[in-house]
Amino acid sequence: MAKLQELIRVEDLTTCDATAQMITKARKDGVELFFDRASNMKPCPIGSESACCKHCSMGPCRMNVNSPYDRVGVCGATIDTIVARNFGRMVAAGTAAHTDHGMGMLELFRDVVNGKNTEFKIQDPLKLLEVAKALDIVTEGRELKEIALDLYTELEKTYTQVDGEIPMMKRVPPKTLELWRKEGIVPRGAMREIMEMMHRTAIGVDQDYENLTKQISRTALADGWGGSMVSTDITDILFGTPTPVEVEVGMGVLKEDKVNIIVHGHEPILLEAMIISAADPELKQMAIDAGAKGINLIGMCCSGLDALSRHGLPHAGNFSSTEAVLVTGAVDAMCVDVQCIKQDMKRVADCYDTPFITTNYRAKIEGALHIQLDEHEPLKCTEEIVIKAITRFKTRGKTIQIPRITGRGVHGFSYEYINYMLGGSFRGSYKPLNDNIINGRIRGVAGVVGCTNPRSKQDFSHVELVKELIRNDVLVLQTGCSQLALAKAGLTGPGAAALAGPGLAEVCETVGMPPVLGLGSCVDNSRILIAASEMVRTGGLGDSIADLPAAGCAPEWMSEKAIAIGQYFVASGIYTIFGHTFPMTNGTKFEKHLFEELETKGFGKWGFADDPLEMARLMIAHIDKKRHALGIDKARERVLMDMADRRVLDAMA
Ligand code: BF8
């Protein structure tokens with residue numbers, strides 16, 4: 001462990017009080033966390049500007065980030081080729097993660113429909129019919145199983161099709177789709193796009209950054225409108241479409257007198273199976289016999305967000321808290337599947353005698369206990385994990401310290417529920433949302449999403465950015481670790497309307513919704529795309545997604561998946577800002593292309609800012625620019641005057 005004087009002050013690492021307490025405890029216990037390593041390991045200055053090329057053995061070639069056009073790589077690759085290739089490979093990796101996850105969900109769906117998997121059944125047949133209809137599958141007079149099998153066959157194309165357009169293109173607003181067709185970036189199938197992206201970024205292939213950008217967009221769109229969207233829809237069909245539910249979040253959800261089991265990762269099947277096992281009467285009795293008051297199942301990161309949205313399951317925290325939670329000593333089993341699992345969690349778990357269990361053959365960790373989850377018999381795995389956790393509870397050490405900190409919020413705002421919430425059960429519609437944007441009560445819509453990162457004070461930018469947005473009447477949609485940051489800060493409950501600007505507050509109070517709507521895990525960013533499509537379809541806000549008064553931001557991002565998400569938002573027409581770092585060499589033509597030129601072609605564009613208030617300023621300025629272009633900027637001026645007049649009248653009353 002690094003010397004104490006080299007360690008950064010805890011208050012500079014996180015604004016999450018529970019995580020801060022655990023960092024302090026870990027330091028006392030002599031246990032190193034990733035915060036400490038981030039403090040002591042400077043990022044590579046060449047790599048952080050993406051100015052290194054290592055795609056062949058003539059290099060690696062390092063460019064001069066201060067004067068990027070001074071030299072070229074041994075093969076002659078320019079800085080623009082190098083940075084664009086690196087960026088493309090990040091998008092390919094992020095897209096691969098989401099689409100591999102989505103394909104797994106689709107296979108599970110097929111096996112459930114075929115009766116090969118009897119552990120699960122379709123929970124939302126209505127959503128199955130809706131998705132089938134959206135893809136022009138005949139539903140009238142047919143058995144649900146027949147429709148479901150057709151749906152599987154259609155959706156499989158999202159991944160495996162080699163030519164044509166992926167099925168979800170039917171949900172894209174016509175003008176947005178027209179642009180993609182003109183630019184030749186409509187995805188064929190995710191496997192094809194990822195394969196071509198990897199090919200074109202190999203030594204000696206595509207060496208034109210603008211041409212590479214087209215494939216980067218095509219690959220990313222195969223994620224957002226393909227792999228991720230199918231995953232969200234199929235997961236809703238299988239496990240239920242979320243509706244608002246009040247949830248408890250933060251490390252205080254751990255219970256000293258219960259067997260605490262945490263599930264961390266991304267694929268919903270592990271946590272869905274764990275929910276069944278944790279409710280098993282025999283296992284519950286076994287926990288009681290061991291002296292516990294019960295089994296306390298908890299989620300973390302995106303798996304946790306899935307179960308939080310669908311079942312109201314407690315959630316212990318986001319990415320930056322997954323080691324810290326082990327420091328409580330109160331975790332009786334930490335089980336993981338895929339993505340965002342830090343290798344060092346195994347060592348931290350060992351320090352506190354917590355069983356650390358991998359469950360997916362695609363994501364083993366050296367030295368960790370592996371119990372393979374077989375999706376045909378998932379309970380075998382989850383029951384074994386529960387038994388291991390009960391055994392650990394019996395032999396728990398005395399050094400348990402659970403931060404008594406929890407937050408409460410309302411989550412589970414699916415696209416469908418927003419429709420119902422705004423329009424009512426008989427006339428579900430986005431028209432009230434559009435009307436309130438047009439009349440200026442709601443200034444615009446922002447997606448605030450993505451990771452936390454030990455190089456950025458945990459949760460700080462998420463929370464400050466969202467506060468500033470809602471204060472300025474911007475409705476915020478959230479997914480991923482960002483959502484947890486806001487939930488812990490108390491901004492996902494209806495009470496948060498008090499922090500909103502007068503127009504947004506009025507809408508929230510009328511509808512009974514918070515100004516910050518949690519939509520789920522990172523693959524559920526697809527819900528934002530569908531909501532954006534519906535806003536265009538409803539009318540009054542332009543013809544394409546690029547016309548909407550909307551913007552996106554991932555202020556503390558860290559994963560390649562975030563880059564893929566950012567690119568599919570940009571390609572879909574949304575101005576998207578990333579914070580604290582960006583894999584880009586400043587002053588390059590590729591930078592200008594992503595940050596300026598894409599917008600002039602009808603797409604969105606990338607933005608960057610380090611300070612949350614600056615992020616908010618850029619997003620609001622963009623929203624106002626779009627309002628002006630739509631000719632609805634005057635309406636907002638009138639509404640603000642109405643509000644002011646009303647306050648004067650209130651004061652006089
Ligand atoms: O997919 S927000 S740290 S947990 S990558 Fe990971 Fe980032 Fe969290 Fe989920 Ni998304």
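In this chain, numbering begins with 1 at the start of the sequence shown. The structure displayed is predicted, hence computed values, not measured ones. Counting starts at 1 for both ligands and their atoms, following the listed order.
Within 4.0 Å of ligand 1, the residues that place a heavy atom are His266, Cys301, Cys302, Phe319, Cys340, Gly450, Cys451, Cys481, Cys522, Met558, Ser559, Lys561, listed by chain and number.
A salt bridge links Asp236 with Arg310: the closest approach of a Lys/Arg side-chain nitrogen to an acidic carboxylate oxygen falls below 4.0 angstrom. Classification of Asp223 and Lys561 as a salt-bridged pair fails, no side-chain N sitting under 4.0 Å from a carboxylate O. For Glu464 and Lys457, the salt-bridge test fails: no basic side-chain N is under 4.0 Å from an acidic carboxylate O.
Under the salt bridge (charged side-chain N to carboxylate O under 4.0 Å, His left out) criterion, Glu196 pairs with Arg188, Arg200, not counting sequence neighbours. By the salt bridge (charged side-chain N to carboxylate O under 4.0 Å, His left out) test, Asp374 is found to be paired with no residue, residues two or more places apart in sequence or in another chain being considered. Applying the salt bridge (charged side-chain N to carboxylate O under 4.0 Å, His left out) rule to Asp124 yields no partners; only residues at least two apart in sequence or on another chain are considered.
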